[in-house]
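Here's the structure we're looking at; comments come further down.
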Amino acid sequence: MSHIVTPASSLRGAITVPGDKSISHRAVMFGAIAEGDTHITGFLMGEDCLSTISCFRKMGVDITVSDQEVIVHGVGLHGLKAPAELLYTGNSGTTTRLLCGILAGQPFTSTLNGDASIQKRPMGRIIQPLRQMGADIEGREGNLCPLTIKPASLKGVRYEMPVASAQLKSSILLAGLFADGKTTVIEPAASRDHTERMLRGLGADIQSNGTEITLVPPLTLRAMDVIVPGDISSAAYFLVAGLILPDSDITIRNVGVNPTRTGILDALEAMGADIERLNERGDVEPVCDLRVRSSRLHGTEIGGDLIPRLIDELPVLAVAAAVAEGTTTIRDAQELKVKESNRIAAMTAELSRTGADVQETDDGMVICGGKQLHGADFTSYADHRVAMSMAICALACEGNSSIDDPACVAISYPTFFETLDSLRRTNL
Ligand code: S3P
């Protein structure tokens with residue numbers, strides 16, 4: 001069933017967003033292979049992170065889930081058990097790719113697979129370096145899911161990554177935990193560094209020198225409690241909504257602002273956004289409250305090293321660009337084509353339905369903003385970020401819109417539409 005979104009004149013109020021997806025996945029995975037219990041608060045109860053929990057339960061890890069916290073009873077680096085069935089990773093690229101790194105070093109055979117989207121996503125990027133480490137890993141037609149991983153002994157590598165991808169980097173580093181000798185990865189540009197921060201917190205010897213990261217395999221990892229900050233990728237929808245709707249003033253509390261994730265703030269500020277960072281705090285991961293007020297946005301250039309720092313926010317940034325005065329050019333974003341959907345094609349098609357002037361390019365989009373947009377029936381391509389981006393776009397359109405498959409937002413933000421409605425209510 002589709003979801004109707006009516007235009008909004010303004011949005012005002014204070015909200016929190018659900019826990020960070022990347023950190024939630026890692027807290028479960030690393031907690032599972034640590035010694036002792038990991039108490040996770042602020043865990044994202046989204047479908048992707050629940051896929052991670054389900055996979056580790058199938059490998060004998062006891063994980064308790066309550067409203068207050070998730071407790072992972074770690075089994076140590078060598079305590080995972082052979083799963084009796086296929087490890088199903090759903091829609092989650094992070095579960096699939098990071099898990100492969102861990103499975104490559106296990107003394108048992110496992111097969112993992114995900115949904116239709118996962119079965120199309122490129123796995124060659126992890127298969128190739130894991131094989132270089134000695135892994136025995138086979139994919140369908142070479143580099144697609146399902147993947148079967150057999151026992152093998154691994155050796156450390158020095159690997160120059162062809163793409164800036166935290167999933168690829170993390171997969172190699174996780175295999176490195178089980179390898180003989182140290183593992184070094186070199187990134188073409190810095191991607192999110194949650195893996196490095198968390199592994200360091202668990203006692204691993206992991207050194208970062210610019211975009212070169214070296215891990216010396218530890219004897220053990222010591223469990224540590226994790227407080228998951230709000231996901232800046234989820235906050236991004238309400239940042240853009242607050243900016244493009246007149247008379248809006250939204251405070252988003254407790255948002256993770258790890259510098260490898262704050263490209264969205266940099267890009268929006270370059271477009272003229274009024275965003276304040278309040279109460280900066282945090283330990284392993286920096287956190288603050290973000291206050292956003294309506295702003296007259298103008299076009300900008302987005303590319304280069306900024307791309308990995310805002311890769312998941314590009315769909316909603318395209319919405320901001322369609323409303324902004326002037327031209328926004330997004331380049332160097334080929335990776336968007338191999339996300340949960342081809343997000344360049346999807347956003348170009350959906351924004352075009354509103355009358356926006358958007359051209360798809362090989363590595364991004366050119367958006368000439370500032371036209372009055374009109375409501376339309378939007379397709380989400382079963383992609384949570386496309387669905388939420390078009391819901392935000394619909395707020396600024398003349399006339400009503402509909403979003404097909406609104407349930408797909410549960411991948412990363414199950415309460416998205418309720419939060420949106422709460423901001424409208426504050427306004428009545
Ligand atoms: C993620 C890394 C990014 C991002 C994804 C989460 C992670 O993917 O798009 O949503 O948790 O490591 P890539 O590594 O493919 O860029």
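Remember, it's 1-based here, ligands and their atoms both numbered in the order they're listed. Here, residue 1 is the first one in the sequence, and each next residue gets the next number.
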Tyr413 ring center near His384 ring center (under 6.0 Å): no

Heavy atom of the protein closest to atom 6 (C) of ligand 1 (residue, atom name, distance): Thr94 OG1, 3.4 Å

Min side-chain heavy-atom separation Leu268-Leu243 under 4.5 Å: yes

Contacting atoms of ligand 1, where contact means under 4.0 angstrom from a heavy atom of Asp312: 4 (C), 5 (C), 9 (O), 10 (O)

Salt bridge present between Arg261 and Asp20 (N-O < 4.0 angstrom): yes

Sequence neighbours excluded - ring pair (Phe, Tyr, Trp, His ring centres under 6.0 Å) pairs with any residue from residues 203-243: Tyr237-Phe416, Phe238-Phe416

For atom 14 (O) of ligand 1, the option (of Gly93, Pro308, Ser165, Ser24) bearing the nearest heavy atom: Ser165

Protein contact to atom 12 (O) of ligand 1 [nearest heavy atom, distance to 0.1 Å]: Arg26 NH2, 2.7 Å

Side chains of Leu87 and Met59 in contact at under 4.5 Å (non-hydrogen atoms): yes

Short N or O distance, Arg125 and ligand 1, threshold 3.5 Å exclusive: no

Ligand-residue contact atoms, ligand 1 with Ala166, heavy atoms, under 4.0 Å: 12 (O), 14 (O)

Numbered atoms and elements of ligand 1 in range of Ile311, under 4.0 angstrom, heavy atoms: 9 (O)

More than 12 heavy atoms from other groups under 6.0 Å of CD on Glu212: yes

Under the salt bridge (charged side-chain N to carboxylate O under 4.0 Å, His left out) test, residues paired with Glu350 that sit two or more places apart: Arg353

Under 4.0 Å to a heavy atom of Lys21 - the qualifying atoms of ligand 1, by number: 10 (O)

Nearest option to atom 11 (O) of ligand 1, as decided by whichever heavy atom of Ser233, Pro122, Ser22, Ser92 sits closest: Ser22

Among Lys339, His25, Arg97, Arg385, closest by any non-hydrogen atom to atom 13 (P) of ligand 1: Lys339

